[in-house]
2 protein chains.
Amino acid sequence: MKIATWNVNSVRARQERLLEWLKSAQPDVVCLQELKCTEADFPLEAVRDAGYHAALHGQKTYNGVAILAKEEPRDVVKGLSDGVDDTHARLIAATVKGIRVVSAYAPNGQSVDSPQYEYKLEWYGRLRRYLDTRHKPDEPLVLGGDWNVAPEDIDTYDPKLWEGQTLFTLKERDALQRLRAFGLTDAYRKLHPDTQRFSWWDYRNLGFPKNLGLRIDHLYVSAPLVPRLTGADTDRDARKGKQPSDHAPVWLELQD
Amino acid sequence: MKIATWNVNSVRARQERLLEWLKSAQPDVVCLQELKCTEADFPLEAVRDAGYHAALHGQKTYNGVAILAKEEPRDVVKGLSDGVDDTHARLIAATVKGIRVVSAYAPNGQSVDSPQYEYKLEWYGRLRRYLDTRHKPDEPLVLGGDWNVAPEDIDTYDPKLWEGQTLFTLKERDALQRLRAFGLTDAYRKLHPDTQRFSWWDYRNLGFPKNLGLRIDHLYVSAPLVPRLTGADTDRDARKGKQPSDHAPVWLELQD
DNA sequence: GTAGGTATAG
DNA sequence: CTATACCTAC
């Protein structure tokens, strides 16, 4: 079973690329982020024609997340639903083939002294409480998303340059660590402890050609799924060519 | 000798289409309208690589006209240069192979009661005076352009619907007629007196699929060139496919 | 650099 | 419907 996550950076601008990638990669489940459109504007027909059902949590211009799956996603839950007044469409959860799948788009955080940075740290706390409230670490659980945090030095092209910058501050890494402490394992890092693989490259300054990237897109699995992990990687090719997303898809394989 | 006119509706947005069309149609001279860019932003390199020289009169956002030619255009004159305070880049003239070529983008006229409509009628008068001042009817002269006027009933898909609408009011047709009275012959209509051929289809309301068009792009030739006319038509295919201009190229052939 | 929104123009 | 400009965000 193949599960992937991809920040598409506008699903309408990237429709053809998404369809081509679905066709070639053939994931069973895909977590999408940054749809940048409402549910009504999502290209549902085309995705259906490609063989996928879709659970959607859309928003105009910003955010927007989805779970695509060959089998119909069940028990769809949109947002953190924790009573906080929050319009951001950053989370959707659904059950596919007995696995609870969460597609998450963590706040970017803008700059360390901004309200967005505070919101980001709070959001991570809220997501940890979401897991505590609704799930148990021994359930089969997969969280795929753009976490907007590089967890370790190896996940940046230049840790000294990035140290203290948004996406790589201590507080953000701590917040991610506290989320993982629920009982989550970073699928890629588990299988490839020492291999540097980025998932995002800035559009600016020739980030991709120079391979100046970060690994900020991760798939997290709960304990019962760890022994079933058979593969994990990034589809770097999807970042190539014309009009790509700034993120590449990240995937894992589970033994059936 | 093949001479064409094409309102490209942004030469930058249409660069690839323009180059492909130049490659397949192989005109000796092309009058372009609605470049929608300054001379500095014109894709001069690519056009040169395709085998064409360019005489340019650019403008940011609106208007902008050019003459492309396999031989270098000589004695380039930009604008009407009649002392009227007018920033619109709607006219360029140059000599190619002994023929004086004018590329013209007539004002659209918006609505009959608008200042733009008045400007359009005046512009036609100014262009007639331009010809009177600078040229003689027995010179070899070709005017190619988007004239924003359908000359006759046959040049609209529904003359009753269009009667009195901008692009088909009596005043506009009169203004065009007065221009032609300088001694100009509509090349397409001369060779095909009874055949309906449109050059423009509105992007809206499925104008092209339903063939709801107008013939507002014409090539006019002076008397010495009329006997040399061997062909004239519209490249309807250039309006097909993705991201087309709303205009198709119009061309004529002259015996050498 | 690459999106989206709004507005204007055709 | 398809462009442009200017604005904001990442």
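Proteins get letters first, then strands, A, B, ... in listed order; numbering begins at 1 in each.
Residue A:Gln243 is classed as a sugar-phosphate contact, given heavy-atom separations below 4.0 Å to backbone atoms only.
A salt bridge does not link A:Asp153 to A:Lys160: none of the charged side-chain nitrogens sits closer than 4.0 Å to a carboxylate oxygen.
Of the residues in residues 201-215 of chain B, those with a non-hydrogen atom less than 4.0 angstrom from any atom of DNA chain C are B:Tyr203, B:Arg204. Contacts between residues 5-14 of chain B and DNA chain D, defined by a heavy-atom separation under 4.0 Å, are made by B:Ser10, B:Ala13, B:Arg14.
Comparing A:Lys60 and B:Asp246 along DNA chain C, the residue whose closest nucleotide (by nearest heavy atom) sits nearer the 5' end is A:Lys60.
In this structure, A:Asn63 atom CG and C:dA3 atom C1' are separated by 13 Å, rounded to whole Å. Computed from coordinates, the A:Gln59 CD to C:dA3 C1' distance equals 15 Å when rounded to whole Å. The distance between atom NZ of A:Lys242 and atom P of C:dG1, rounded to the nearest whole Å, is 15 Å. Taking atom CD of A:Glu34 as the reference point, atom P of C:dG5 lies 13 Å away to the nearest angstrom. Note: CG (A:Asn108) to P (C:dG4) measures 18 Å, nearest angstrom. If you take CH2 of A:Trp200 and P of C:dA3, they are 16 Å apart, rounded to a whole angstrom.
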Considering only distance and modelled atom types, tabulate donor-acceptor pairs under 3.5 Å from the side chains of residues 40-50 of chain B, sequence neighbours left out.
| from | atom 1 | to | atom 2 | distance (Å) |
| --- | --- | --- | --- | --- |
| B:Asp41 | OD2 | B:Thr38 | OG1 | 3.4 |

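Ring-plane geometry between B:Trp147 and B:Trp123 is classed as tilted, the angle between the planes lying from 30 to 60 degrees on a 0 to 90 degree scale.
A donor-acceptor pair under 3.5 Å is formed between the side chain of B:Arg17 and the backbone N or O of B:Ala238. Under the 3.5 Å distance criterion, the side-chain polar atoms of B:Arg14 are matched with a main-chain donor or acceptor of B:Val8.
Only one option out of A:Val102, A:Leu176, A:Thr5 pairs with A:Tyr220 in a side-chain contact (heavy atoms from CB on, under 4.5 Å); it is A:Leu176.
Donor-acceptor pairing under 3.5 Å is lacking for the side chains of B:His218 and B:Asp186.
Interface limits on DNA chain D: the 5'-most and 3'-most nucleotides within less than 4.0 Å of chain B heavy atoms are D:dC1 to D:dA5.
Atom NZ of B:Lys78 sits in a crowded spot, with more than 12 heavy atoms from other residues, nucleotides or ligands closer than 6.0 Å.
In terms of the side chain to side chain contact (heavy atoms under 4.5 Å, CB included) criterion, residue partners of A:Arg178 (sequence neighbours excluded) are, by chain and number, A:Asp174, A:Ala175. Remark: B:Asp233 engages B:Tyr188, B:Arg197, B:Trp251 in a side chain to side chain contact (heavy atoms under 4.5 Å, CB included) (not counting sequence neighbours).
For B:Phe168 and B:Trp162, the ring centers sit 6.0 Å or farther from each other.
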